[in-house]
Each structure stands twice: as C-alpha cells, then as structure tokens.
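Throughout, numbering of the chain's residues begins at 1 and tracks the sequence. What you are looking at is a predicted structure, and each value in this text was computed from that prediction instead of being measured.
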Amino acid sequence: MSTPTIARSMVAREGREMQRYAPSGARLVAGVVALSPDKTKVLLVSSTARQDKFVLPKGGFETDEPMPEDAAMREAWEEGGIIGRISKPLGVIDDPRPPKIFVADVAGGGIVPPRAEYYFFEMEIEKELDKWPESERRIRKWATYNEAMSELINRPELIEALNRSSLIKTSITSACSHRF
C-alpha cells in the first residue's frame, strides 16, 4: 500500500479567520514532537516572536482540517520543513496561561479558561527539506532531552508534550550513574 501524496503549499497560512475554538473560548492548537529515528533528539524551531527562543512545531487547528492530526502535519511542514507520519497521539494539554483577552466574571467567581488547548502528536520524520514555507524566518535545530527542557523552560505545556513522547530522557545524573 502506498502513502497518499499530499499537496503541500510553499506559503504558510497566516491569520485566524479559520481558527477553531473550544466552547470555553480556548484556541485549538495542534503540534508535533518530531523525533530522530533513534529517539535521542527532538526537532525544535525558532519562535517567530523571539528568534532566540525555540519551541515545538505547532499552530492553529483550522476549520478546513477534519482532524487535529491534519493541522499538526501541516504545521510540521510549514514551521519545520519536515514530512512524516504520526506515530502516536500524545493527548490534549491545556496552556496554563490565561487568555490574552478575557473579561472575568469576578462577582460570579468565573473560571478563567486556558489560553489554548494543544493536541500533540509524536511524529516519525520521513523527509527533512532544505526549503519550506517558513525557512526564511525560522531556524530549526535538533536537541537532546536536556537541551529541549532548557529551551522550553517557560512553556510547561510544551514540556508536558515532550515528557509524554518516546524521546529518550537521559539526564546528566542518570548518564553518569553507571560509573558508581
């Protein structure tokens, strides 16, 4: 059985006209934890807001995408220039930060919804291309677990996705423990 050919645009989607939202008002986002074949490294991409910060490839789940997996694969292509297949779902993770715009019902004790709900998927990479839609504005890099944890330090929702993945989580202490 052959893999279906998917048309990929060299133009990244922008704007939120087609953005999906949860009933709570949280933005629905899909992303990937893209692993090296030996599962020792994860692909990170630079943030467009801050080029010195790296994140996991992720973005809006849009109304013309039937499943969050479709959005995750599109974002992997647009932001990281990678093509592959979803190997397993990593679940839904709430962004703990409050929405950018939220009018709290203080008198009613309103509950602040999450800023976003992330649908993350582990991805096996089949191709890493030199030119992709956001290659002019993003840098990509491969990172070990410890390097990725350091990069994602202020993004607990991205760390949670990383921890749910099959990435080998070798720490400095466990790597040295065999010496004792």
Check step by step if salt bridge (charged side-chain N to carboxylate O under 4.0 Å, His left out) holds for E157 and K58. CA-CA 12 Å; E157 73 283 5; K58 63 183 174 28; over 6 Å; no

Test side chain to side chain donor-acceptor pair (under 3.5 Å) on D38 and T40 and set out the steps. CA-CA 6 Å; D38 63 1; T40 61; 2.7 Å; yes

Assess the residue pair K141 and E151 against the criterion (salt bridge (charged side-chain N to carboxylate O under 4.0 Å, His left out)); give the C-alpha distance rounded to whole Å, side-chain angles, the decisive distance to 0.1 Å, and a yes or no. CA-CA 11 Å; K141 72 175 182 178; E151 289 288 351; 2.7 Å; yes

For a side-chain contact (heavy atoms from CB on, under 4.5 Å) check, start with the C-alpha distance between E160 and R155, then their side-chain angles and the critical distance, and finish with the verdict. CA-CA 9 Å; E160 179 63 26; R155 298 295 301 271; over 6 Å; no

For the pair V42 and L162, evaluate side-chain contact (heavy atoms from CB on, under 4.5 Å) and give the outcome as yes or no after the intermediate values. CA-CA 9 Å; V42 61; L162 195 69; 3.9 Å; yes

What do the steps show when you test L129 against W77 for side-chain contact (heavy atoms from CB on, under 4.5 Å), and what is the final call? CA-CA 9 Å; L129 285 87; W77 164 244; 4.0 Å; yes

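Formation of a donor-acceptor pair under 3.5 Å by the R164 side chain with backbone atoms of L90 is found in this model. A distance-only check finds no donor-acceptor pair linking the side chain of R138 to the backbone of V45 [under 3.5 Å]. In this structure, the side chain of E122 does not engage the main chain of L35 through any donor-acceptor pair within 3.5 Å. With hydrogens and angles disregarded, no donor-acceptor distance shorter than 3.5 Å links the side chain of W142 to the backbone of L44. Judged purely by atom type and a 3.5 angstrom limit, E65 uses its side chain to pair as donor or acceptor with the backbone of E62.
S150 OG to I159 CD1: the interatomic distance, rounded to the nearest 0.5 Å, is 9.5 Å. Considering CG of L43 and CD1 of I82, their distance stands at 5.0 Å, rounded to 0.5 Å. To the nearest 0.5 angstrom, S24 atom OG is 13.5 Å from R115 atom CZ. The CE atom of M67 sits 7.5 Å away from atom CZ of F121, with the distance rounded to the nearest 0.5 Å. Atoms CG and CE, from L167 and M149 in turn, are 10.0 Å apart once rounded to the nearest 0.5 Å.
Minimum interatomic distance between A148 and A143 (heavy atoms only, all atoms of both residues): N-CB, 3.9 Å. Between A76 and P57 the shortest heavy-atom distance is CA-CB, 4.2 Å. Residues Q19 and L28 share a closest heavy-atom pair of NE2-O, 2.7 Å. Closest heavy-atom contact between S87 and M123: OG-N, 4.1 Å. Closest non-hydrogen pair, N163 versus K169, comes out as O-CE, 3.3 Å. Of all the heavy atoms in E117 and A22, the pair that sits closest is OE2-CB, 3.6 Å.
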For residues 48-55, which side-chain donor-acceptor pairs fall under 3.5 Å, sequence neighbours excluded?
from : atom 1 : to   : atom 2 : distance (Å)
R50  : NH2    : D52  : OD2    : 3.4
Q51  : NE2    : R137 : O      : 2.6

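E147 pairs by the salt bridge (Lys or Arg N to Asp or Glu O under 4.0 Å) definition with nothing, not counting sequence neighbours. Among residues two or more places apart in sequence or in another chain, the salt bridge (Lys or Arg N to Asp or Glu O under 4.0 Å) test is passed with E75 by none.
Remark: the K88 side chain and the S166 side chain contain an N/O donor-acceptor pair separated by less than 3.5 Å.
In the hydrophobic clustering of this structure, L56 does not group with I153; members are Ile, Leu, Val, Met, Phe, Trp, Tyr whose side-chain heavy atoms approach within less than 4.5 Å, directly or through other members.
Annotation: cation-pi pair R20/F61 present, NZ/CZ under 6.0 Å from the ring centroid and within 45° of its normal.
Between R140 and E128 a salt bridge is recorded (basic side-chain N to carboxylate O distance below 4.0 Å).
V92 has its side chain out of reach of F120: every pair of non-hydrogen atoms, C-beta onward, lies at least 4.5 Å apart.
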